[in-house]
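See structure below.
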Amino acid sequence: MTAKRDGRFITFEGIDGAGKSTQIEALAAFLAERGQPVVRTREPGGTELGERLRELLLHEPMHFETEAMLMFAARREHLAVRIHPALQAGDWVVSDRFSDATYAYQVGGRGLDARRFDALESWVHPGFQPDLTLLFDLPPELAAARVAASGNHPDRFEREQSAFFTRVRNAYLERASRFPARICVIDAQQAPDAIRAQIRRIVSERWFR
Ligand code: TYD
């Protein structure tokens with residue numbers, strides 16, 4: 001399952017409340033200004049089936065290994081139906097989360113055996129990773145305050161305690177130190193304008209010099 005990689009695949013990661021959404025929009029607009037066709041998507045979700053799985057994942061209690069497998073089931077569909085075809089067509093794909101989230105939330109947060117993660121990842125996307133991952137990092141207390149201020153009804157993950165998000169954050173950072181060429185850590189405590197400028201810089205240095 002090797003895809004021809006004409007387009008670029010960029011993912012956004014971070015604990016809930018890190019402020020990814022506005023920056024995803026800003027990056028998509030920046031790429032469009034540069035004349036790149038952009039597909040914006042998210043996980044879990046991104047396909048009709050994936051969005052149905054998302055509903056279950058966000059709201060239905062389940063065993064933590066079921067959760068991990070459903071994340072990867074949704075991802076398998078997402079790769080087949082949207083991500084690979086878009087990249088092959090030369091589009092840039094910008095996704096709100098991908099497999100690093102499963103590592104952080106299911107392995108780090110829930111305690112899934114990392115070997116189970118490796119097995120699922122190498123089944124679902126052997127040899128395939130994002131070209132660039134922007135990891136929004138901030139202390140869980142600040143992120144929780146942002147989630148609370150949003151006024152949205154919290155989902156199954158957002159209702160977790162701060163110890164859970166500390167584990168998720170640490171797992172993300174561990175992954176970033178393992179893949180430093182791919183994963184850029186963004187200090188999400190900065191003002192939105194500063195974050196936007198930093199992301200533009202990172203993307204420009206890689207691809208628009
Ligand atoms: P997200 O879309 O960022 O949430 P929201 O729409 O509330 O901003 O992600 C949904 C939740 O799913 C988030 O709490 C993280 C979790 N998640 C996992 O636990 N594992 C995964 O593999 C993915 C993709 C998401």
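Both ligands and their constituent atoms are indexed starting at 1 by order of listing.
Of all the atoms in ligand 1, the ones that sit under 4.0 Å from a non-hydrogen atom of Glu158 are 7 (O). For ligand 1, the atoms sitting less than 4.0 Å from at least one non-hydrogen atom of Pro44 are 12 (O), 23 (C), 24 (C), 25 (C), numbered in the order shown with element in parentheses. Remark: ligand 1 atoms within the under-4.0 Å shell around heavy atoms of Lys20 are 3 (O). Those atoms of ligand 1 that come under 4.0 Å of a heavy atom in Phe157, given as number and element, are 11 (C), 12 (O), 14 (O), 16 (C), 19 (O). Every atom of ligand 1 is numbered from 1 in the order shown, and the set under 4.0 Å from a heavy atom of Asp155 is 7 (O). Remark: ligand 1 atoms within the under-4.0 Å shell around heavy atoms of Glu43 are 24 (C).
With a 4.0 Å heavy-atom cut-off, ligand 1 is reached by no atom of Asn152. When heavy-atom distances to ligand 1 are checked against a 4.0 Å cut-off, Arg42 has no atom that comes that close, whether in backbone or side chain. Residue contacts with ligand 1 for Ala104 are absent, since no atom lies close enough (heavy atoms, distance under 4.0 Å). Contacts between Asp16 and ligand 1 below 4.0 angstrom, taking non-hydrogen atoms only, involve the side chain exclusively.
Checked against a 3.5 angstrom limit, the closest N/O atoms of Arg75 and ligand 1 fall inside it.
One finds no salt bridge joining Arg209 and Glu205 here, because no Lys/Arg side-chain nitrogen approaches an Asp/Glu carboxylate oxygen to under 4.0 Å. Using a 4.0 Å cut-off between a side-chain N of Lys or Arg and a carboxylate O of Asp or Glu, Glu160 and Arg167 do not qualify as a salt bridge. Residues Asp193 and Arg196 are paired through a salt bridge, judged by an N-O separation under 4.0 Å between the basic side chain and the carboxylate.
Between atom 2 (O) of ligand 1 and the options Arg54, Glu67, Arg97, the minimum heavy-atom separation is to Arg54.
Side-chain atoms of Ser99 and Arg75 form a donor-acceptor pair, as typed in the model, at a separation below 3.5 Å. For the residue pair Glu121 / Gln129, a side-chain donor-acceptor distance below 3.5 Å is found, with atom types taken as modelled.
Considering only non-hydrogen protein atoms, atom 17 (N) of ligand 1 sits nearest to Met71 CE, 3.6 Å. Protein heavy atom closest to atom 20 (N) of ligand 1, with residue, atom name and distance, is Gln106 OE1, 2.8 Å. Nearest protein neighbour of atom 22 (O) of ligand 1, counting heavy atoms only, is Thr102 OG1, 2.5 Å.
Panel note: side chain Arg97, backbone Glu43; no donor-acceptor pair is recorded below 3.5 Å.
Annotation: side chain of Glu51 is not in contact with side chain of Glu55 (no heavy-atom distance under 4.5 Å). For the pair Phe164 and Ile15, the minimum side-chain heavy-atom distance is 4.5 Å or more. In this structure, the side chains of Arg175 and Leu135 stay at 4.5 Å or more apart for every pair of heavy atoms.
When distances from atom 8 (O) of ligand 1 to the protein are checked, no heavy atom turns up under 4.0 Å.
Other residues, nucleotides and ligands contribute at most 12 non-hydrogen atoms within 6.0 Å of the CZ atom of Arg52.
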